[in-house]
Amino acid sequence: MRLSGRVAIVTGGASGIGAASARAMAREGARVVVADVDEAGAKGVVEEIERAGGHAVAVRADVTRASDGQTLVEQAVARWGGLDVFYANAGVPQWKTDVEEVDEATFDRIMAANVKGVFLGAKFALPVMKRQRRGVFLITASTAAIRPRPGGQVYAASKGAVVTLAKALALETAPFGVRVVAIAPVATETPMLPTFMGKKEVDAEGMARYVATVPLGRLNKPEDIAATAVFLASDDAAMITGSCVEVDGGRCI
Ligand SMILES: NC(=O)c1ccc[n+]([C@@H]2O[C@H](COP(=O)([O-])OP(=O)(O)OC[C@H]3O[C@@H](n4cnc5c(N)ncnc54)[C@H](O)[C@@H]3O)[C@@H](O)[C@H]2O)c1
């Protein structure tokens, strides 16, 4: 088991990529804090993990609130004695909209979840990891940071910001043996997907349009990202820091 004895926090852990990552980390032996604003969803993921013989706890946390971020990290450390992995995965999408139609509230909401949320996670998790002189801080960015699609400019900018944040934090924490890595998924089959497609639900037209842009000919499953997160969190990735790992079937080529 690649994460045996490790303690991990996964934000946005109630659904999609976060839920798959929490399950995968638990399967690899980590004790996992499943954090989300959706407390019922987080509890559901914890129950699945426990049924499979793993260890997890659900915590209601809004990543845009400093007090929630601080409590989240403190609870993990108090319960399990340390913090080895923080996966800053929670995020919100953007409806395809021309820039002149984007209001300030939309900009603020996307930046709060996708950028401030990651910053606050780092602010509270990294001091613990620096003291321990070990730890891995992962961030879910997006291929939108590298190869945006039209009409998602605020989302793309938010993901670009955290790719740069990962590099800056990697330099800051490398002397302490701590690694920071961003993951850039192409469109992934989660509840967020229809919004990116500008649809209420994914339909054949939307799917065909997106799949046509991916050389490997399919979108991500949440498990594709979870497998990457487990690898990056493990000692197998000991020399990877500051990178943005594209999980995109070739979309960004
Ligand atoms: N689905 C895609 O196509 C795709 C592609 C690239 C990147 N991403 C990124 O992957 C990450 C996970 O998204 P997903 O696709 O699994 O979507 P999802 O909607 O299935 O999951 C997102 C989770 O984040 C939680 N969340 C949202 N705001 C929060 C907040 N303020 N505090 C705590 N939790 C919050 C939601 O409740 C939800 O459980 C996001 O950062 C997203 O931007 C998604």
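Atoms within a ligand are numbered from 1 in the order they appear, just like the ligands themselves.
- Here D203 pairs with K199 under the side-chain hydrogen bond (donor to acceptor under 3.5 Å, both in side chains) rule; sequence neighbours left out.
- Residue G117 places no heavy atom under 4.0 Å from ligand 1.
- Rounded to the nearest 0.5 angstrom, R131 CZ and L83 CG are separated by 10.5 Å.
- Nearest non-hydrogen protein atom to atom 28 (N) of ligand 1 is V92 CG1, 3.9 Å.
- Within the structure, the closest approach of A187 to ligand 1 falls below 4.0 Å when heavy atoms are considered.
- Close approach of ligand 1 to T140 is summarised as follows: ligand atoms under 4.0 Å from at least one heavy atom of the residue are 9 (C), 10 (O), 11 (C).
- No side-chain heavy atom of Q75 sits less than 4.5 Å from a side-chain heavy atom of V33.
- With a 4.0 Å heavy-atom cut-off, ligand 1 is reached by no atom of T143.
- Using a 4.0 Å cut-off to heavy atoms of G16, the atoms of ligand 1 that qualify are 16 (O), 20 (O).
- Contact between T11 and ligand 1 is absent, with no heavy atom of the residue lying under 4.0 Å from the ligand.
- For atom 16 (O) of ligand 1, the nearest protein heavy atom (residue, atom name, distance) is I17 N, 2.8 Å.
- Under the 4.5 Å side-chain criterion, counting only non-hydrogen atoms from C-beta, L72 is in contact with T11.
- Atoms of ligand 1 found under 4.0 Å from any heavy atom of A61 (numbered from 1 in listed order, with element): 32 (N), 33 (C).
- Annotation: Y155 is in aromatic contact with F196 [ring centroid separation under 6.0 Å].
- Using a 4.0 Å heavy-atom cutoff, V186 is listed among the residues neighbouring ligand 1.
- The number of heavy atoms from other shown groups lying within 6.0 Å of CZ (R109) is above 12.
- Within the set A141, G91, S142, the minimum heavy-atom distance to atom 27 (C) of ligand 1 is found for G91.
- By the 4.5 Å heavy-atom criterion applied to side chains, R79 and E74 are not counted as neighbours.
- In this structure, the protein non-hydrogen atom closest to atom 8 (N) of ligand 1 is Y155 OH, 3.4 Å.
- Here the protein heavy atom with the shortest distance to atom 1 (N) of ligand 1 is T190 OG1, 3.1 Å.
- Between I139 and V181 there is no side-chain heavy-atom pair separated by less than 4.5 Å.
- Under a 4.0 Å criterion applied to the non-hydrogen atoms of D62, ligand 1 contributes the atoms 30 (C), 31 (N), 32 (N).
- Other residues, nucleotides and ligands contribute at most 12 non-hydrogen atoms within 6.0 Å of the CD atom of E201.
- The ligand atoms of ligand 1 that sit less than 4.0 angstrom from a heavy atom of G12 are 23 (C), 24 (O), 25 (C).
- The structure places CE of M1 at 14.0 Å from OG of S234, a figure rounded to the nearest 0.5 Å.
- The closest approach between a heavy atom of E189 and any atom of ligand 1 is not below 4.0 Å.
- Heavy-atom contacts of F196 reach the following atoms of ligand 1: 2 (C), 3 (O), 4 (C) (cutoff under 4.0 Å).
- The residue from Q94, M197, M192 that puts a heavy atom closest to atom 44 (C) of ligand 1 is M192.
- Taking the side chain as every heavy atom from C-beta outward, L219 and V214 approach each other to under 4.5 Å.
- Ranking the protein heavy atoms by distance from atom 25 (C) of ligand 1 puts D36 OD1, 3.3 Å first.
- The protein heavy atom nearest to atom 20 (O) of ligand 1 is S15 OG, 2.6 Å.
- Scanning for side-chain hydrogen bond (donor to acceptor under 3.5 Å, both in side chains) contacts around T106 gives D103, with sequence neighbours left out.
- Annotation: side chain of V230 is in contact with side chain of M25 (closest heavy-atom distance under 4.5 Å).
- Nearest protein heavy-atom neighbour of atom 3 (O) of ligand 1: T188 N, 2.8 Å.
- In this structure, the protein non-hydrogen atom closest to atom 6 (C) of ligand 1 is P185 O, 3.3 Å.
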